[in-house]
Amino acid sequence: MTGQVRTVDGRVAGRRGQATRQKLLDCLSEMLSSSPYRDVKVIDVARRAGTSPATFYQYFPDVEGAVLEIAEAMAKEGAGLTELVAGRSWVGKAGRQTAEDLVEGFLTFWRKNDAILRVVDLGAAEGDKRFYKIRMKILNSVNNSLADAIKDLQSRGKVDKEINAAAVAGSLVAMLASVAGHQKGFQSWGVKQSELKPSLTLLVHLGVTGKKPAK
């Protein structure tokens, strides 16, 4: 944990306080994986962490405040998704690899953070700007790099210049986010994970380059 961690009233938390605060966040994360967000209560989080509601309120104003802390940390991790696209080649077999790595990285990130992402999506859908900004921070980490990649291909005459790079990139990222959040649902359609990835790779590669990936 870096930097100073403060309590709600502005005091700097000591080592034990920081450990308690992190344990509360860890327990809340676990509960979000098995309980609807609206059903999670401070007393339940505190009990699971082996402490009291009063201690919880020393570090967070409410459950939502703690959830936002978890979401912000996840968004910082999500910023690393840009490395899946930035500076990568979209030509030939290297282009296929780039598309495969993007799909794999995106789906893996969503699976790992499924519980908190569901809460972020819910908050964003309800118009909460704090959750909306976190969602956009994650999507922008891929969207901006993808748009730059398409513009680069356009500058080299490999993609039609009339195509709107930002619109294509945004559409692809929105598709990836939607599919990533619906991974379990594909099983009910008889689609295996091993079948989903190649299909997404094809769509992403087609969207960026206008061509099927090289074999």
Side-chain angles (χ1 to χ4, degrees), residues 1-84 101-142 173 176-187 193:
M1 190 176 296
T2 59
Q4 289 187 333
V5 175
R6 295 183 180 274
T7 60
V8 171
D9 62 8
R11 291 180 291 112
V12 176
R15 185 174 299 176
R16 285 185 61 185
Q18 291 182 37
T20 298
R21 182 180 186 277
Q22 188 58 49
K23 188 172 184 180
L24 286 164
L25 289 175
D26 292 342
C27 288
L28 175 56
S29 292
E30 293 170 5
M31 294 177 73
L32 290 174
S33 298
S34 57
S35 304
Y37 166 52
R38 306 295 188 198
D39 291 349
V40 177
K41 307 300 181 187
V42 169
I43 190 170
D44 298 322
V45 180
R47 184 180 293 125
R48 186 163 185 149
T51 186
S52 68
T55 299
F56 180 97
Y57 285 119
Q58 283 182 22
Y59 302 104
F60 312 104
D62 47 32
V63 170
E64 186 175 77
V67 165
L68 282 166
E69 288 267 352
I70 297 171
E72 286 285 4
M74 177 212 41
K76 288 179 181 178
E77 178 187 343
L81 290 172
T82 190
E83 296 174 6
L84 298 171
D101 290 348
L102 174 57
V103 168
E104 175 67 31
F106 213 96
L107 295 183
T108 298
F109 177 80
W110 235 260
R111 281 197 304 273
K112 177 184 177 183
N113 298 287
D114 176 62
I116 188 64
L117 279 164
R118 278 189 278 109
V119 177
V120 169
D121 284 347
L122 175 63
E126 292 179 342
D128 190 315
K129 292 182 179 179
R130 297 169 301 174
F131 286 113
Y132 174 77
K133 287 180 179 178
I134 289 172
R135 177 177 170 76
M136 290 307 296
K137 184 184 294 185
I138 297 167
L139 298 184
N140 283 341
S141 65
V142 174
V173 170
L176 284 170
S178 181
V179 172
H182 192 68
Q183 290 181 71
K184 294 178 182 177
F186 278 92
Q187 296 174 10
Q193 190 77 12

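Any value given below was found using the heavy atoms of this structure, including those in side chains, with hydrogens, waters and symmetry copies removed.
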| query | With sequence neighbours left out, what residues match D26 under salt bridge (charged side-chain N to carboxylate O under 4.0 Å, His left out)? | reply | none

| F60 and L28, any side-chain heavy atoms less than 4.5 Å apart | no

| field | Test item: T55 side-chain N/O and T51 main-chain N/O as donor-acceptor pair under 3.5 Å | value | no

| note | CG of L139 to CE of M136, rounded to nearest 0.5 Å, is 5.5 Å

Show the atom names and distances, to 0.1 Å, of all donor-acceptor pairs under 3.5 Å that link a side chain in residues 113-120 to residues at least two apart or in another chain.
| residue | atom | partner | partner atom | Å |
| --- | --- | --- | --- | --- |
| N113 | ND2 | F109 | O | 3.0 |
| D114 | OD2 | R118 | NE | 3.2 |

| said: Taking side chain to side chain donor-acceptor pair (under 3.5 Å) as the definition, give me every residue that meets it alongside Q183, ordered by chain and number, with sequence neighbours left out. | reply: R111, Q193

| request: Identify, with sequence neighbours excluded, every residue that meets side chain to side chain contact (heavy atoms under 4.5 Å, CB included) alongside S29. | output: I70

| query | Nearest 0.5 Å, what's the CZ-CG distance between R135 and D121? | reply | 4.5 Å

| field | Partners meeting side chain to side chain donor-acceptor pair (under 3.5 Å) with E72 (sequence neighbours left out) | value | K137

| said: Within the 3.5 Å criterion, strictly below it, is a donor on E30 or S34 matched to an acceptor on the partner's side chain? | reply: no

| note | Residues passing the side chain to side chain contact (heavy atoms under 4.5 Å, CB included) test with K23, sequence neighbours excluded, are C27, A49

Which side-chain N or O atoms in residues 75-84 pair as donor and acceptor under 3.5 Å with protein atoms at least two apart or in another chain?
| residue | atom | partner | partner atom | Å |
| --- | --- | --- | --- | --- |
| E77 | OE2 | K112 | NZ | 2.8 |
| T82 | OG1 | S141 | O | 3.1 |
| T82 | OG1 | S145 | OG | 2.5 |

| message | To the nearest 0.5 Å, what is the distance between CD on Q22 and OH on Y59? | response | 12.0 Å

| field | S35: side chain to side chain donor-acceptor pair (under 3.5 Å) partners, not counting sequence neighbours | value | none

| For D62, side chain to side chain contact (heavy atoms under 4.5 Å, CB included) partners two or more places apart | E64

| request: From the options K41, R48, R47, select the one residue that forms a salt bridge (charged side-chain N to carboxylate O under 4.0 Å, His left out) with D44. | output: R47

| task | Say whether, by atom type as modelled, one donor and one acceptor occur between the side chain of D128 and the main chain of A124 under 3.5 angstrom. | result | no

| For F106, which residues count as a ring pair (Phe, Tyr, Trp, His ring centres under 6.0 Å) partner, sequence neighbours excluded? | W110

| ring pair (Phe, Tyr, Trp, His ring centres under 6.0 Å) partners of Y132, counting only residues at least two apart | none

| field | Residue pair I134 / A71: nearest heavy atoms and the distance that separates them | value | CD1-CB, 3.6 Å

| message | Does any part of the side chain of V179, heavy atoms only, come nearer than 4.5 Å to the side chain of F186, both counted from C-beta? | response | yes

